[in-house]
Trainee: 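This structure is in structure tokens; I'll ask about it shortly.
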Amino acid sequence: MPRDSRQQARDRLSVLAPTSGDGATAARRVEQDASLVGRLLAAAGEQNHHGREPG
């Protein structure tokens, strides 16, 4: 998804959801959570294959 499409989606969600106490919108919190899950899965995959041949 191109960057401007992601920004458009965030903007649309931001209008629908109020901000939290720290000013983060629901869209931004979802984006941060998804990013965290991606990093965790990548780290788990690296740990799983550490020292082994891929295959």
Trainee: Of all residues at least two apart in sequence or in a different chain, which pass the side chain to side chain donor-acceptor pair (under 3.5 Å) check with Gln32?
Mentor: none

Trainee: Taking atom types as modelled, find out whether Asp4 and Gln8 have a side-chain donor-acceptor pair closer than 3.5 angstrom.
Mentor: no

Trainee: Among Ile, Leu, Val, Met, Phe, Trp and Tyr joined by side-chain contacts under 4.5 Å, find the other residues sharing a cluster with Val37 and list them by chain and number.
Mentor: Leu41

Trainee: How long is the span from the CZ atom in Arg28 to the CG atom in Asp33, to the nearest 0.5 Å?
Mentor: 10.5 Å

